[in-house]
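Quick note: residue numbers are just sequence positions, from 1. Please read all numbers here as calculations on a predicted model, not as lab measurements.
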Amino acid sequence: MALRAAVLRHIRLPVQTLTPTASRAPLQWSLLRLFSSHDDHLTKEEVIDRVLDVVKSFPKVDPSKVTPDVHFQKDLGLDSLDTVEIVMALEEEFKLEIPDKEADKIDSCNLAIEYIYNHPMAG
């Protein structure tokens with residue numbers, strides 16, 4: 001513990017809190033924004049388009065029936081295994097892993113869109 005404290009005393013850097021001032025505010029905040037990860041988050045429209053494309057490309061689905069509000073089992077006649085396959089295809093499309101507990105709840109395009117749009121790692 002003493003070693004840790006000694007090391008930390010030598011490597012600590014002073015932290016400067018950024019406060020907006022009239023002359024420097026635009027530059028400071030724009031530089032911070034460059035390093036923010038929120039700029040690359042998908043828009044809702046992008047998520048909707050990509051989710052619908054994945055569902056339309058599923059072999060057992062009639063593409064003309066696919067809308068953002070469609071239910072996989074009630075409207076498209078898919079079974080639970082088909083739903084699992086669609087969720088897996090969505091994981092692949094958006095390069096994310098959906099936990100089984102959450103994946104079991106996704107039974108419509110709308111729920112898939114909401115989950116993916118709100119997921120911070122969707123890409």
Side-chain angles (χ1 to χ4, degrees):
M1 196 62 131
L3 177 62
R4 180 179 181 272
V7 170
L8 288 177
R9 266 195 304 268
H10 292 289
I11 62 170
R12 286 211 172 131
L13 299 174
V15 177
Q16 179 183 6
T17 305
L18 294 178
T19 55
T21 59
S23 62
R24 293 178 42 198
L27 177 61
Q28 283 180 340
W29 295 115
S30 65
L31 289 176
L32 283 177
R33 193 68 183 151
L34 287 175
F35 296 107
S36 172
S37 64
H38 297 291
D39 286 339
D40 59 354
H41 191 66
L42 298 169
T43 65
K44 186 104 176 203
E45 291 74 28
E46 289 173 322
V47 173
I48 291 170
D49 290 341
R50 289 172 60 187
V51 167
L52 295 181
D53 287 343
V54 168
V55 175
K56 286 177 183 178
S57 68
F58 193 72
K60 297 180 181 178
V61 170
D62 177 5
S64 65
K65 293 182 179 180
V66 178
T67 66
D69 299 317
V70 76
H71 189 277
F72 298 147
Q73 294 175 349
K74 294 176 187 170
D75 300 326
L76 299 178
L78 301 176
D79 60 22
S80 58
L81 183 59
D82 296 330
T83 300
V84 169
E85 289 181 30
I86 287 178
V87 171
M88 289 172 54
L90 291 169
E91 287 177 321
E92 200 172 306
E93 171 70 21
F94 290 94
K95 295 173 182 46
L96 53 88
E97 187 173 333
I98 302 173
D100 292 341
K101 188 176 179 180
E102 298 298 319
D104 291 342
K105 298 175 187 174
I106 298 175
D107 60 0
S108 67
C109 283
N110 191 34
L111 289 175
I113 290 164
E114 288 303 315
Y115 182 86
I116 293 167
Y117 178 69
N118 291 317
H119 195 286
M121 299 304 291

Open item on the list: Please enumerate all residues that pass ring pair (Phe, Tyr, Trp, His ring centres under 6.0 Å) together with Phe94, with sequence neighbours excluded.
Closed with: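 In terms of ring pair (Phe, Tyr, Trp, His ring centres under 6.0 Å), with neighbours along the sequence ignored, Phe94 is linked to no residue.
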TODO: Could you tell me which residues satisfy ring pair (Phe, Tyr, Trp, His ring centres under 6.0 Å) with Phe58, sequence neighbours excluded, listed by chain and number?
DONE: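 Ring pair (Phe, Tyr, Trp, His ring centres under 6.0 Å) list for Phe58, sorted by chain: empty.
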Task: Any pair counted as side-chain hydrogen bond (donor to acceptor under 3.5 Å, both in side chains), so long as it reaches residues 50-63, sequence neighbours left out - done: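 As it turns out, the side-chain hydrogen bond (donor to acceptor under 3.5 Å, both in side chains) pairs with a partner in residues 50-63, which skip direct neighbours, are Arg50-Glu93, Lys60-Asp82, Asp62-Ser64.
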- [ ] Tell me, please, which residues at least two apart from Lys65 pass side-chain hydrogen bond (donor to acceptor under 3.5 Å, both in side chains).
- [x]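 Expected list: none.
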Task: Shared-cluster residues of Met88, by chain and number - hydrophobic side chains joined below 4.5 Å - done: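 Listed partners: Val84.
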Task: Shortest non-hydrogen contact from Val54 toward Ala89 - done: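 In this case the closest contact between Val54 and Ala89 is CG1-CB, 3.7 Å.
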Task: Residues in side chain to side chain contact (heavy atoms under 4.5 Å, CB included) contact with Thr67, at least two apart in sequence or another chain - done: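 Per chain and number, Thr67 pairs via side chain to side chain contact (heavy atoms under 4.5 Å, CB included) with Asp69, Val70.
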- [ ] Can you spot which of Leu76, Leu78, Val51 makes a side-chain contact (heavy atoms from CB on, under 4.5 Å) with Ile86?
- [x]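 Only match with Ile86 under side-chain contact (heavy atoms from CB on, under 4.5 Å): Leu78.
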Task: Residue pairs, two or more places apart or on separate chains, that pass ring pair (Phe, Tyr, Trp, His ring centres under 6.0 Å) and touch residues 103-123 - done: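 Non-adjacent pairs meeting ring pair (Phe, Tyr, Trp, His ring centres under 6.0 Å): His41-Tyr117, Tyr115-His119.
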Check residues 99-110 and write down every donor-acceptor pair under 3.5 Å in which the side-chain atom is one partner and the other belongs to a residue at least two apart or another chain.
unit_1 : atom_1 : unit_2 : atom_2 : d
Asp107 : OD2    : His71  : NE2    : 3.2
Ser108 : OG     : Leu111 : N      : 3.2

Task: Over 12 foreign heavy atoms within 6.0 Å of CD, Glu97 - done: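 Counting other residues, nucleotides and ligands, CD of Glu97 stays at 12 neighbours or fewer.
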Task: salt bridge (charged side-chain N to carboxylate O under 4.0 Å, His left out) partners for Glu114, two or more places apart - done: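 Listed in chain order: Lys44.
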